[in-house]
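Keep in mind the model is a prediction, meaning the values are calculated, not measured. Order of listing sets the numbers, starting from 1, for every ligand and every atom in it. For this chain, numbers begin at 1 and follow the sequence in order.
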Amino acid sequence: MPDSCPPVCVWLKRDLRVDDHAALAEALARARGGAVFAVFVYEPEVLAQPEWDSSHTAFQAECLADLEAALRRKSIRLVTRRGEAVASLEHLRNETGFRLLVAHEETGTGVTYARDRRVRRWARTAGIELLEVPQTGVVRRLATRNGWNRLWEKRMTAACASVPRSTGRGGGDVVERLGSLGILGCRELGLPADTKDRQRGGERAASEVLEDFLTRRGCHYSGGISSPVSAATSCSRLSPALAFGAISMRRVWQASEARRLDVQAALAAAVSPREKAECKAWQRSLKGVQSRLHWHCHFMQKLEDEPAIEFENMLRAADGLRESEVVPERLAAWQSGHTGYPLVDACMRSLLATGWLTFRMRALLVSFASYSLWLHWRPTGLHLARHFLDFEPGIHWSQLQMQSGTTGINTLRIYNPTKQAIDQDPRGIFIRRWVPELAGLPPAYVHMPWTMPVDVQQTSGCIVGRDYPAPLVDHAVAVREAKRRLAIVRNAPESRAEARDVAHRHGSRKDRRGAMQQDPVRRTLFGDGGDSAGRSKRRPSPPVRDPQQMLDPQQLLPFLTEDLAAEVAHDTQSENR
Ligand SMILES: Cc1cc2nc3c(=O)[nH]c(=O)nc-3n(C[C@H](O)[C@H](O)[C@H](O)COP(=O)(O)OP(=O)(O)OC[C@H]3O[C@@H](n4cnc5c(N)ncnc54)[C@H](O)[C@@H]3O)c2cc1C
């Protein structure tokens with residue numbers, strides 16, 4: 001291997017694609033005659049996280065299979081290893097002599113955040129140049145949220161990274177001879193089989209979903225995404241692909257923008273009222289989906305700026321509200337879909353079976369857990385994370401806190417599960433599908449089975465309390481009490497002051513639409529300056545709380561699995577990240 005052009009290593013994590021892959025593009029540009037190869041490491045500590053599920057492994061394997069073939073076409077070898085990240089990378093370095101390691105920035109869980117810091121330390125010590133490049137609108141080491149929207153737009157409108165064929169030969173023989181484990185599935189990784197009837201992984205599947213959404217299904221997005229009856233086809237269904245990086249946020253945004261401009265032109269040329277109505281429906285839908293793509297990064301930015309929100313209330317004044325009162329039976333009933341509230345149970349069972357739910361129904365599940373059952377958001381959030389195929393830590397934990405009333409800056413969103421059932425599933429189609437015990441109920445009772453007279457229970461084959469549970473709690477009574485408790489916390493003068501601080505750190509700013517529409521130059525493709533690669537130091541988190549007020553793992557022990565309890569104990573003791 002000529003010393004002048006050693007191979008360059010690209011470390012793949014949640015960026016399993018070749019299209020718009022800035023890390024691969026950067027590696028190829030910097031290879032200077034060296035071969036480029038990619039490594040994916042199966043990390044036991046990631047697989048052991050309580051957020052991880054076999055469905056994630058299966059989806060990931062499909063992504064990797066697609067990616068391996070695409071990389072081969074570009075003369076780039078994919079090598080997989082199993083072990084701790086630093087040890088695996090060090091081993092590869094010894095084998096190949098690489099001096100440049102390129103990866104995408106990740107806003108992940110506490111485990112991957114700590115791992116990335118270890119890798120950075122190792123690279124510094126070993127004299128390896130570690131280049132981390134952004135792949136979403138999340139900005140590392142952001143000093144203030146002011147102006148973030150413009151940075152986001154700049155990223156989204158920048159040219160997608162093009163990944164040419166690798167022509168470098170330096171170290172190519174060594175790379176060819178590298179040992180690789182191939183693509184590992186659940187069995188090889190010692191995980192239970194994936195039983196979910198879920199979306200398929202891979203770059204090709206992601207492109208097909210995007211194309212289908214933008215040319216066909218997306219017309220019904222506006223108006224079709226709240227009801228669980230229509231949402232599965234009306235929503236884009238891009239979230240797992242975005243979470244695993246099988247498609248880039250920029251590619252999705254640019255495709256939606258191209259479609260928006262097409263629709264605009266079609267509307268100008270439309271003659272018949274039908275054509276015009278259809279174009280306007282598309283316009284509403286595309287506007288809706290583009291806002292949500294922006295939210296994606298907006299929520300991730302919160303975790304990037306303050307990693308502690310994965311574990312701790314954003315509003316510290318909310319500490320102690322729920323921690324000591326979690327009733328294990330309530331958590332278990334909610335987790336399995338046996339609360340006695342039909343839509344809540346149908347949502348949970350559908351999620352367990354498919355790995356996906358629409359936003360409104362996710363919010364309903366959390367609202368019911370947090371307000372009606374008074375459960376702390378951390379264990380409920382872990383359960384959901386495990387079963388959401390699209391688990392994205394930044395969105396997830398921010399939403400969990402928002403829907404539980406612990407941010408201090410959002411109005412309380414408390415959903416009435418019966419009203420939601422009547423509004424969103426008036427004929428009980430979704431409920432009957434996922435809660436078969438209720439399939440034979442007359443329409444008048446499917447939303448409130450507990451109101452069924454005894455003779456109707458007998459004729460419909462569903463005895464409440466035997467075949468289907470009676471309501472676990474009285475929603476109205478429970479919510480009254482929840483509001484009372486939260487009001488005490490939120491109205492305290494010190495909470496208001498703290499909430500202002502939270503708003504300053506994390507609140508959205510209003511400059512987005514204006515920035516895009518008023519400045520035509522912004523609509524052209526920008527170079528990606530400003531947020532240069534490799535900025536890894538995060539904004540300091542707020543000071544560590546008074547240990548007396550910290551979530552006491554002992555209080556959570558009764559309802560946590562052993563792994564989880566150990567993790568909570570670890571989290572509460574570890575230094576503030
Ligand atoms: C409690 C809770 C937890 C959530 N956890 C996750 C999560 O782990 N991963 C995740 O991707 N989304 C999460 N969401 C947001 C949202 O529910 C999903 O993004 C959406 O349902 C995914 O389906 P879709 O791709 O068809 O979305 P679409 O409605 O088609 O939206 C397109 C894309 O926009 C983004 N998006 C949509 N809604 C939101 C939102 N409210 N906030 C931020 N980004 C959004 C997603 O990337 C999504 O893929 C959560 C919402 C709640 C209430």
Measure from NZ or CZ of [X] to the centre of the six-membered ring of [Y] and say whether it is under 6.0 Å with the direction within 45° of the ring axis.
X	Y	value
Arg330	Trp374	no
Arg237	Trp356	yes
Lys13	Trp11	yes
Arg284	Tyr221	no

Tell me whether [X] has any N or O atom under 3.5 angstrom from an N or O of ligand 1.
X	value
Leu242	no
Gln403	no
Arg237	yes

Protein contact of [atom] - nearest heavy atom, named by residue and atom, plus distance:
atom	answer
atom 33 (C) of ligand 1	Leu293 CD2, 3.9 Å
atom 47 (O) of ligand 1	His296 ND1, 2.7 Å
atom 39 (C) of ligand 1	Trp295 CE3, 4.1 Å
atom 28 (P) of ligand 1	Tyr221 OH, 3.5 Å
atom 15 (C) of ligand 1	Ile395 CG2, 3.9 Å
atom 35 (C) of ligand 1	Arg292 O, 3.4 Å
atom 2 (C) of ligand 1	Gln399 CB, 3.5 Å
atom 30 (O) of ligand 1	Ser236 OG, 2.6 Å

Checklist line | More than 12 heavy atoms from other groups under 6.0 Å of CD on Glu278 | finding: no
Who gets closest to [atom] by heavy atom: [options]?
atom	options	answer
atom 10 (C) of ligand 1	Val366, Leu400, Asp390	Asp390
atom 6 (C) of ligand 1	Arg362, Gln401, Glu392, Gln199	Arg362
atom 5 (N) of ligand 1	Arg413, His396, Met249	His396
atom 23 (O) of ligand 1	Trp356, Phe299, Phe359, Trp397	Trp356

Notebook entry, point to check: Counting only heavy atoms, which portion of Leu357 has something under 4.0 Å from ligand 1: side chain, backbone, both, or neither?
Noted result: backbone
Checklist line | Chi angles and distances behind the salt bridge (Lys or Arg N to Asp or Glu O under 4.0 Å) call for Glu106, Arg115 | finding: CA-CA 11 Å; Glu106 180 176 348; Arg115 182 266 327 267; 3.1 Å; yes
Margin query: Taking a cutoff of less than 4.0 Å between a non-hydrogen atom of the residue and any ligand atom, is Ala363 in contact with ligand 1?
Written below: yes
Taking the ring centre of each residue, are [X] and [Y] less than 6.0 Å apart?
X	Y	result
Tyr415	Phe368	no
Trp334	His383	yes
His294	Trp148	yes

Notebook entry, point to check: Any ion pair linking Arg204 and Glu208 (charged N to carboxylate O, less than 4.0 Å)?
Noted result: no
Notebook entry, point to check: Step by step, would you call Glu257 with Arg260 a salt bridge (Lys or Arg N to Asp or Glu O under 4.0 Å)?
Noted result: CA-CA 5 Å; Glu257 182 62 1; Arg260 191 185 69 76; 3.0 Å; yes
